Amino acid sequence: DTAVSQTPKYLVTQMGNDKSIKCEQNLGHDTMYWYKQDSKKFLKIMFSYNNKELIINETVPNRFSPKSPDKAHLNLHINSLELGDSAVYFCASSQDRSGGAYEQYFGPGTRLTVT
Amino acid sequence: GQNIDQPTEMTATEGAIVQINCTYQTSGFNGLFWYQQHAGEAPTFLSYNVLDGLEEKGRFSSFLSRSKGYSYLLLKELQMKDSASYLCAVKAYNFNKFYFGSGTKLNVKP
């Protein structure tokens, strides 16, 4: 059983297109995240949801819009894709309550290539 | 803000011990985590420290000194499969944010 799954694993698209990445976790966690890992392997947080509520929204272009239909799912929609959006996008989840120190579980990543 | 520093790359020999350091400056510290990431794969959790001292988990140990803003990951009896990037991450108290360092690429040689 896959704890955190993402689809698609690879996404190749042209500039200006709109695309979505889906994430699901079956761990019963309360919090889900989206991270972007660039070519230098730097992992940067983008968004976080806790029980379907947006709690972290880092300085990300508003072309990126997350959506959490329920606490097991967190999707990422990207409008008007640009070359600089090319990266690996990781979804993660954790059992975070009241600021406790819980580790994150990561999905396999979605490698987005914008041409 | 958050500032996390790790060496970019290290090389060690199979069977040896290697220590990967991480220094951080943060507000609202709520734990330091270590993750392993093999090329092309997702990060996987290794260990975490909230209080000062050493946490041991098999071949891996992690140390934390909050007053110095310093942590290290110690890998013993290195194996070839330990070749990977090791990411140091600091958790901020507000809103459960995790801030990752850029990772240390460890190359294990025969």
Side-chain angles (χ1 to χ4, degrees), chain A residues 2-7 9-10 21 23 25 27 29-51 53-60 71 87-111 113, chain B residues 1-9 22 26-52 55 57 60 62 64 66 71 73 83-107:
Chain A
T2 303
V4 183
S5 59
Q6 290 178 236
T7 55
K9 189 168 175 60
Y10 299 96
I21 307 172
C23 178
Q25 55 95 2
L27 298 166
H29 287 166
D30 295 325
T31 306
M32 296 184 73
Y33 307 79
W34 277 113
Y35 285 89
K36 179 181 180 180
Q37 189 169 45
D38 59 26
S39 58
K40 295 184 179 179
K41 306 304 180 186
F42 184 59
L43 200 63
K44 186 174 181 181
I45 191 166
M46 300 173 69
F47 301 103
S48 176
Y49 272 75
N50 181 273
N51 279 319
E53 180 184 350
L54 180 66
I55 57 171
I56 296 174
N57 185 348
E58 292 294 277
T59 308
V60 177
K71 75 172 193 176
V88 180
Y89 292 84
F90 285 102
C91 175
S93 73
S94 67
Q95 184 69 327
D96 281 309
R97 290 198 180 131
S98 302
Y102 298 96
E103 69 271 23
Q104 294 180 314
Y105 292 81
F106 285 82
T110 295
R111 183 173 293 277
T113 303
Chain B
Q2 319 292 330
N3 190 29
I4 302 169
D5 288 314
Q6 306 178 232
T8 303
E9 191 163 357
C22 171
T26 185
S27 54
F29 175 85
N30 192 28
L32 188 139
F33 294 73
W34 284 96
Y35 288 82
Q36 180 190 61
Q37 186 177 24
H38 285 100
E41 297 183 11
T44 54
F45 169 73
L46 287 178
S47 70
Y48 86 98
N49 299 70
V50 177
L51 301 176
D52 291 351
E55 293 285 338
K57 276 179 119 179
F60 297 85
S62 58
L64 175 67
R66 288 173 295 171
S71 174
L73 179 69
S83 291
S85 288
Y86 291 85
L87 310 176
C88 170
V90 172
K91 186 174 182 186
Y93 197 80
N94 294 335
F95 304 113
N96 303 319
K97 284 187 183 183
F98 284 80
Y99 295 92
F100 282 82
S102 55
T104 299
K105 185 179 180 184
L106 175 64
N107 303 302

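Order of the sequence lines sets the chain letters (A, B, ...), proteins ahead of strands, with each chain counted from 1. Just so you know, these numbers come straight off a predicted model, no measurement behind them.
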TODO: Take the angle between the ring planes of A:His29 and A:Tyr105 and call it parallel below 30°, perpendicular above 60°, tilted in between.
DONE: tilted
TODO: Flag the one option from A:Phe42, A:Phe90, A:Phe106 with the top tally of heavy-atom pairs under 4.5 Å to chain B.
DONE: A:Phe106
Open item on the list: I need the residue from A:Lys41, A:Gln37, A:Lys44 with the largest number of non-hydrogen atom pairs under 4.5 Å to chain B.
Closed with: A:Gln37
Task: Pick from B:Ser102, B:Ala89, B:Gly103 with the largest number of heavy-atom pairs that fall under 4.5 Å of chain A - done: B:Ser102
Open item on the list: Please verify the inter-ring angle class for B:Phe33 with B:Tyr35; under 30° counts as parallel, over 60° as perpendicular, anything in between as tilted.
Closed with: parallel
Open item on the list: Distance alone, cut at 3.5 Å: any donor-acceptor contact between the side chains of A:Thr31 and A:Asn50?
Closed with: yes
- [ ] Let me know which of B:Ser62, B:Ser47, B:Cys88 forms a side-chain contact (heavy atoms from CB on, under 4.5 Å) with B:Leu32.
- [x] B:Cys88
